[in-house]
Amino acid sequence: MDVLSRESALLAGIAVFTLYLLHSVRARRKGGLPPGPPGIPILGNLLQLNPLRPHPTYLKWAQKYGPIFSIKLGMQRVIVLNTAEVADELLVTRSKLYSSRPDLHVASDLVSDGQRMVLMANNRELKIARRTLQGILSPGPSKKMRNMQDLESRVLLHDLVAHGDSSLTETFTEGPHGEVPERHWFSVFRRYTTTIVMSLSYGQRMNRFLDNPDLHKVYEAMSVFMHASEPGNYLADVFPILRRLPDMLAPWRKEGRRMHEWEMGLWGKLLDECSSDIAKGIARTGFVSDYLRARAEAGLGDLPGNGATEDGVGWMRDKFLAYTAASVLEAGSDSSSTVMFSFILFMLTNPAALQRAREEMDRVIGPDRMPGWEDEDRLPWLVACIKETLRVRPPFISGLPHVAEEDDVYKGYFIHKGSMVIGNVHGIHMDPARYPNPSVFDPERFYNADSGLQWNSGPDSQNRANYVFGWGRRFCIGKHLAEASVFIVLARLVWGVDFYAPADSRTGMPILPDVKDEASWTDGLVSAPKIFSVGFRPRSEKHAEVIRRSYVDVQAEWEALGQPVDMQ
Ligand code: HEM
């Protein structure tokens with residue numbers, strides 16, 4: 001160990017011990033914490049769970065300690081909420097107190113320069129970003145994206161059929177951080193989800209999934225940022241005192257700033273290109289160009305820097321605007337495609353459910369046209385299958401952590417200011433009182449042929465079918481867009497495409513990942529199926545003809561809209 005590392009380790013040790021003493025005295029004085037598994041000094045419960053995959057352990061502890069339990073990860077007190085009732089009470093009814101985020105120094109202050117909304121405390125900037133995005137993502141405005149969702153989902157069907165058996169005949173290996181190989185069928189879906197949010201933000205579509213560095217960069221940026229946010233990766237996140245160390249003793253600072261520069265090469269470049277097109281009088285759509293034009297009309301054409309103006313309006317400055325668009329690109333890409341991959345996996349592992357979905361589709365729609373949103377009410381089995389997919393495998397399976405902004409008391413339990421508070425989505429979805437036989441994939445629990453269709457995914461806390469979109473003031477702002485995408489893509493997939501797993505040459509059985517084995521899923525914030533092999537072909541010649549024709553029509557639409565046509 002060199003001198004610098006020895007000094008850093010010594011300093012860290014002293015800091016850890018001092019903070020540990022302070023925390024223990026405070027906790028003892030207040031008392032009344034929710035129950036929880038005993039930990040060890042300093043590390044608390046850190047060694048008892050995998051921080052990148054905590055949900056199986058959270059479930060075990062929920063079964064032992066009940067609706068609310070408390071653990072300690074190093075110095076960080078964590079309160080985990082395991083029933084819909086307690087999560088609704090704290091994260092919705094008391095949302096004012098529970099809407100901050102953990103203080104992630106490296107991911108937020110350094111990598112994001114404090115501008116990434118998903119990591120922001122419950123502050124003025126967050127309100128400004130949310131208000132701006134409400135303007136494009138609340139129920140009415142989000143419907144304006146339906147034209148793009150319609151056209152892009154037609155392209156997706158064509159791309160899948162063109163992909164055919166490629167993912168069965170080629171060998172693919174995931175990258176060390178779960179990177180998806182470009183030619184794998186996952187990329188066909190990823191192009192769809194990313195092109196939607198790219199059109200929404202910058203009015204530009206992604207017209208190919210192969211040889212498209214910008215598409216990969218969006219996922220790379222997410223991977224960099226998620227890696228930087230992983231609990232325990234940086235001591236400076238856990239021990240704020242270390243943030244005062246000089247640069248030579250704080251290697252994370254250089255690394256964080258380097259990541260920020262790299263990110264700005266993507267997010268900053270997108271904004272710069274948009275500004276320069278506007279300056280040249282080139283027509284651009286998308287919320288960023290609308291925002292820049294409105295800002296210029298307000299006399300604030302040039303507004304470099306971070307944060308927002310101090311006036312009553314609170315105009316976002318350039319970097320804040322670039323990162324708000326980035327939040328849409330990041331939050332809207334991986335999450336929605338994960339649901340699509342999980343749906344395909346659950347349908348293939350539950351062939352009777354898939355067969356029933358196809359029969360419903362044939363009865364209601366037939367082979368001569370593709371389904372649309374107007375058909376939703378008449379496809380209750382398909383919707384039940386999507387809801388059950390969301391319940392069994394929510395993308396953010398351990399929720400996104402909130403933070404208590406004040407001391408609070410719940411049913412006699414003391415919750416310290418600064419505690420991380422986690423809505424245990426998996427625990428709630430596996431609560432047998434709410435979902436009998438919770439580990440079984442059973443769309444029947446959501447099937448109701450007679451009642452009008454409702455997605456019931458919040459934000460109201462009554463009668464929610466699932467908790468995949470979070471809670472309260474941090475509730476997912478893209479829910480309406482996401483549900484519309486998930487529905488149209490999966491309805492059209494079931495309608496027109498026969499998707500199948502490779503068969504074992506000896507037994508003839510399909511080769512599929514074991515959905516109950518955690519090793520089949522990625523770890524980290526978003527838990528997605530790891531890549532698996534699937535082939536795609538049209539369900540009949542008639543379906544093939546509709547898919548072909550509609551792809552040709554879409555190309556004409558792109559030209560009319562001034563968008564690039566598709567490329568293979
Ligand atoms: C199926 C797809 C999606 C899922 C499962 C999902 C889920 C979530 C969850 C769990 C949160 C955190 C909620 C909380 O802290 O309580 C969140 C936040 C967010 N989502 Fe989504 N999301 C999806 C799609 C989208 C889309 C399509 C967009 C944008 C177009 C989007 C934009 C955001 C943003 C900007 C935030 C941060 C909000 C904040 O921190 O205040 N999401 N999402």
Side-chain angles (χ1 to χ4, degrees), residues 95-96 99-105 107-138 140-142 144 197-204 221 225 256-257 259-261 263-332 403 405 472-478 481:
S95 187
K96 193 164 171 248
S99 294
S100 199
R101 292 284 194 217
D103 175 19
L104 294 175
H105 175 59
S108 184
D109 301 340
L110 299 176
V111 179
S112 321
D113 201 10
Q115 305 299 292
R116 208 178 221 113
M117 70 180 287
V118 70
L119 298 181
M120 278 178 180
N122 183 18
N123 57 21
R124 179 171 180 263
E125 266 85 17
L126 178 76
K127 289 188 184 91
I128 291 170
R130 287 193 69 102
R131 193 184 60 213
T132 308
L133 293 184
Q134 291 289 1
I136 50 166
L137 288 168
S138 52
S142 71
K144 291 198 186 133
V197 279
M198 192 60 106
S199 300
L200 174 74
S201 303
Y202 284 104
Q204 281 182 335
F225 142 68
R257 285 184 183 144
M259 289 193 244
H260 176 63
E261 289 311 314
E263 280 202 338
M264 283 305 288
L266 176 62
W267 311 135
K269 181 179 119 217
L270 285 168
L271 182 74
D272 289 347
E273 285 170 358
C274 186
S275 308
S276 110
D277 278 0
I278 292 175
K280 287 185 212 142
I282 298 172
R284 292 274 297 236
T285 53
F287 104 85
V288 174
S289 42
D290 290 349
Y291 193 90
L292 286 173
R293 271 190 293 267
R295 207 175 73 177
E297 275 162 26
L300 297 163
D302 206 13
L303 207 54
N306 290 11
T309 56
E310 290 304 322
D311 55 19
V313 183
W315 288 99
M316 286 193 267
R317 295 175 188 278
D318 285 350
K319 198 186 272 187
F320 186 21
L321 179 59
Y323 264 95
T324 302
S327 297
V328 169
L329 293 171
E330 291 176 327
V403 163
E405 292 173 72
R473 295 186 183 189
R474 300 310 287 242
F475 187 82
C476 172
I477 210 157
L481 188 78

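Excluded from the calculations below are hydrogen atoms, water molecules and symmetry mates; all remaining heavy atoms, backbone and side chain alike, are included. Note that this is a predicted model, so its numbers are computed, not measured.
Under the rule for a salt bridge (charged side-chain N to carboxylate O under 4.0 Å, His left out), the partners of Glu330 that lie at least two apart in sequence or sit in another chain are Arg116.
Taken to the nearest 0.5 Å, the CD atom of Gln134 stands 4.0 Å off from the CD1 atom of Ile477. Within the model, atoms CZ of Arg474 and OG of Ser95 stand 9.5 Å from one another, a figure rounded to the nearest 0.5 Å. To the nearest 0.5 angstrom, Ser108 atom OG is 8.5 Å from Phe225 atom CZ. Taking CD of Glu263 as the start and CD of Gln115 as the end, the distance is 11.5 Å to the nearest 0.5 Å.
What you find for Arg101 and Leu119 is that their closest heavy atoms are CB-O, 3.7 Å. Looking at every heavy atom in both residues, Leu200 comes nearest to Val328 through CD2-CG1, 3.8 Å. Closest approach of Ala107 to Val111, counting heavy atoms only: O-CB, 3.5 Å. The shortest non-hydrogen separation linking Ala298 to Trp315 is CB-CZ2, 3.7 Å. Taking each heavy atom of Ile128 and Gly314 in turn, the nearest pair found is CG2-O, 3.4 Å. Of all heavy-atom pairs spanning Ser142 and Leu481, the tightest one is O-CD1, 4.2 Å.
Contact check for Arg473 versus Arg130: no side-chain heavy atoms found under the 4.5 Å cut-off. Taking the side chain as every heavy atom from C-beta outward, Tyr291 and Thr324 never approach each other to under 4.5 Å. Between Val118 and Tyr323, the closest side-chain pair of non-hydrogen atoms is not below 4.5 Å. In this structure, Leu321 and Leu292 have side chains that are in contact, with non-hydrogen atoms separated by less than 4.5 Å.
Between the side chain of Gln204 and the backbone N or O of Tyr202, no donor-acceptor pair lies under 3.5 Å. For Ser100 (side chain) and Glu405 (main-chain N/O), no donor-acceptor pair under 3.5 Å exists by modelled atom type. In this structure a side-chain-to-backbone donor-acceptor pair under 3.5 Å is present from Asp311 to Val313.
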Would you mind writing out the side-chain donor-acceptor pairs for residues 268-275 within the sub-3.5 Å range, not counting sequence neighbours?
{"from": "Ser275", "atom 1": "OG", "to": "Leu271", "atom 2": "O", "distance (Å)": "3.0"}

Set out, in order, the CA-CA distance, both residues' side-chain angles and the distance that settles side chain to side chain contact (heavy atoms under 4.5 Å, CB included) for Lys127 and Asn122, then state yes or no. CA-CA 8 Å; Lys127 289 188 184 91; Asn122 183 18; 4.1 Å; yes

What verdict does the side chain to side chain contact (heavy atoms under 4.5 Å, CB included) test give for Asn306 and Glu125, after you've listed the backbone C-alpha separation in whole Å, the side-chain angles of each residue and the deciding distance to 0.1 Å? CA-CA 10 Å; Asn306 290 11; Glu125 266 85 17; over 6 Å; no

How far apart are the C-alpha atoms of Met259 and Leu110, what are their side-chain angles, what is the distance that settles it, and do they pass the side chain to side chain contact (heavy atoms under 4.5 Å, CB included) test? CA-CA 8 Å; Met259 289 193 244; Leu110 299 176; over 6 Å; no

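Residue Arg295 is tested with Thr309, Asp302, Asp318, Asp290 for a side-chain hydrogen bond (donor to acceptor under 3.5 Å, both in side chains); the sole match is Asp318.
The salt bridge (charged side-chain N to carboxylate O under 4.0 Å, His left out) pairs that include a residue from residues 278-289 are Asp277-Arg284, where partners are two or more places apart or lie in different chains.
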